[in-house]
Amino acid sequence: MSGRMSGAVLHGATPCGTAGAARGGPAGKDAPKRATGEKTERRAATSAQGRGRVLVARLDDAGDVLLAGPAVRAVRTQAREVVFLAGPNGRAAAELLPGVDRVVEWRAPWIDHTPPPVSKAQVADLVGRVHGVDEAVILTSFHQSALPLALLLRLAGVRRITAISNDYPGSLLDVRHVVDESVDVPEAERMLAVARAAGFELPPGDDGKLAVQRPLPDIGEITGQLLNVGADADKGAYVVVHPGTSAPARTWPADGHRQAVRELAEDGHRVVVTGTERDLTAYVAGDDAADLGGVTTFAELAAVIEGASVLVAGNTGPAHLAAAVGTPVVSLFAPVVPAARWAPYGVPAVLLGDQQAPCRDSRARICPVPGHPCLSQVTSEQVVKAVRELTQ
């Protein structure tokens, strides 16, 4: 990955290679194994038999849940029922994942951005709701621990638990997958590796990309009213601009989005602005774009993005939703987390933003550097150029 990513194209059709590589995509079962230092330890007294009801857990945000999709499909090959344990911010995404039979929502005090206090009642609630689960696959990012959830699942009677843990897990894990956290591996591949360590493989013919359940909702009425584009319109009828993110440190300025919308319209594109912050989407859309702020459900948003030629967005859930429906992405990517892990996976993308900015790898939610230089220096002209690159 080059240092200043002002137009680097990420072609998602090839496997991600060495640590820090910007080029990402699905790695099949027979793909060359990167030097990640992975190893798997299994407790001798446990068995992989009895895979009836399997819980897959990913407790943070929508994009993280979408990236767990390949791992879920691997688990689905042997599980009688797949229960997905999600946080409040990830539930809607979990409900869109192929292979999920049931979603349990629970707010984890050690992961949620506004964590609730730990209480006996809250713990008892989770233990009761996952009672009857036979096996669990806990999916985490490099900065999260699987052990608190493993403890609660043991209390619920789960017999076999698999997770990444570089800390000694004692009897909390039956399959302990250890990785070299200094190596940047795409999140989708990292989570699929955990499922494989548990003994689950993708079914034959599965390309390992992100995916959503079909059919998606009919959005003909929404797009027809705003753009005169019906449900049967060809893919690429418009460009979607999604200005919001879950953290201010990952957000390109609203004025930049507004100017980009204006210039995209001048360049001949019909533009749709999406998001939940209605004041923001109205401002960005102005008189030049259709404003869908606050109008769509998560599934409807997937359908809107699927109909687009390109999505313009930061490192946020809709960027991964675009990857799941096969839409290229202009990614306004703040380097507070590594792009090699969280860039749009498996689709063509152009990464904009200074990946060597001082905030790099800080995991900051509020920018720690005056002026927000990693993204504020990106111009609307660069965005329009990137859209052209992905649509030609």
Side-chain angles (χ1 to χ4, degrees), residues 5-13 22-25 63 66 209-212 216 219 222-223 226-229 231 233-245 250-252 254 256-275 281 284-286 288-293 296 300-334 339 342-353 375 378-392:
M5 304 294 287
S6 56
V9 181
L10 307 180
H11 296 286
R23 200 171 288 269
L66 290 168
K209 292 184 179 182
L210 307 191
V212 293
L216 290 171
I219 57 163
I222 297 172
T223 56
L226 294 173
L227 290 171
N228 195 28
V229 176
D234 292 336
K235 181 176 177 67
Y238 48 86
V239 172
V240 172
V241 174
H242 189 92
T245 66
R250 302 182 184 188
T251 305
W252 193 41
H257 280 101
R258 182 181 172 96
Q259 182 64 26
V261 165
R262 183 179 299 118
E263 293 179 15
L264 285 167
E266 291 172 351
D267 204 41
H269 299 280
R270 285 182 287 189
V271 183
V272 176
V273 179
T274 59
T281 61
V284 169
D288 300 294
D291 178 15
L292 292 186
T296 61
E300 289 170 339
L301 177 61
V304 170
I305 293 173
E306 183 176 42
S309 57
V310 175
L311 170 73
V312 178
N315 178 24
T316 188
H320 303 297
L321 198 54
V325 297
T327 297
V329 182
V330 175
S331 178
L332 298 155
F333 200 98
W342 278 283
Y345 184 76
V347 292
V350 176
L351 201 65
L352 299 179
L375 288 181
V378 174
T379 67
S380 56
E381 181 181 8
Q382 288 176 302
V383 171
V384 174
K385 180 181 178 183
V387 170
R388 286 179 189 161
E389 186 175 354
L390 291 171
T391 54
Q392 292 176 353

- Residues in side chain to side chain donor-acceptor pair (under 3.5 Å) with Thr245, at least two apart? Thr251
- Which heavy atom of Glu300 sits nearest a heavy atom of Ile219, and at what distance? O-CG2, 3.8 Å
- Query: Would you say the side chain of Val387 lies within less than 4.5 Å of the side chain of Val239, judging by non-hydrogen atoms?
  - Reply: yes
- Correct closest heavy-atom pair for Leu390 and Ala349 would be CD2-N, 4.2 Å
- Message: Measuring from atom CG of Asp288 to atom CD of Gln259, what distance do you get when rounded to the nearest 0.5 angstrom?
- Response: 9.0 Å
- Note on the structure: Sorted by chain and number, sequence neighbours left out, side chain to side chain donor-acceptor pair (under 3.5 Å) with Trp342 holds for Asp64
- Task: Please collect all salt bridge (Lys or Arg N to Asp or Glu O under 4.0 Å) contacts where either partner lies in residues 307-326, sequence neighbours excluded, each pair once.
- Result: none
- Item | Partner set under salt bridge (Lys or Arg N to Asp or Glu O under 4.0 Å) for Arg258, not counting sequence neighbours | none
- Distance in Å, Asp291 CG paired with Thr281 OG1, rounded so as to fall on 0.5 Å steps: 3.5 Å
- Residues that Ser380 engages under side chain to side chain donor-acceptor pair (under 3.5 Å), provided they are two or more places apart: Glu263
- Task: Quick one: which residue pairs count as a salt bridge (Lys or Arg N to Asp or Glu O under 4.0 Å) with a foot in residues 314-329, not counting sequence neighbours?
- Result: none
- Which heavy atom in Ala289 sits nearest to a heavy atom in Val261, and how many Å separate them? CB-CG1, 3.6 Å
- What's the spacing between Leu264 CG and His257 NE2 if we round to 0.5 Å? 10.5 Å
- Message: Just to verify, what does Gln392 make a side chain to side chain contact (heavy atoms under 4.5 Å, CB included) with, not counting sequence neighbours?
- Response: Arg388
- Of all pairs that satisfy salt bridge (Lys or Arg N to Asp or Glu O under 4.0 Å), the ones with a partner from residues 303-321, not counting sequence neighbours: Arg214-Glu306
- To the nearest 0.5 angstrom, please state how far the CG atom of Leu311 sits from the OG1 atom of Thr274. 6.5 Å
- Taking only residues at least two apart or on different chains, which pairs with a member in residues 307-332 satisfy salt bridge (Lys or Arg N to Asp or Glu O under 4.0 Å)? none
Under 3.5 Å, sequence neighbours excluded: what are the donor-acceptor pairs made by side chains of residues 315-334?
from   : atom 1 : to     : atom 2 : distance (Å)
Thr327 : OG1    : Lys235 : NZ     : 2.6
Thr327 : OG1    : Ile305 : O      : 2.9

- Message: Just to verify, what does Ala254 make a side chain to side chain contact (heavy atoms under 4.5 Å, CB included) with, not counting sequence neighbours?
- Response: Leu280, Tyr283
- Item | From CA spacing to verdict: side chain to side chain contact (heavy atoms under 4.5 Å, CB included), Val312, Val383 | CA-CA 8 Å; Val312 178; Val383 171; 4.0 Å; yes
- Task: Considering non-hydrogen atoms only, spot the tightest contact between Leu210 and Tyr345 and give its length.
- Result: CD2-CD2, 4.1 Å
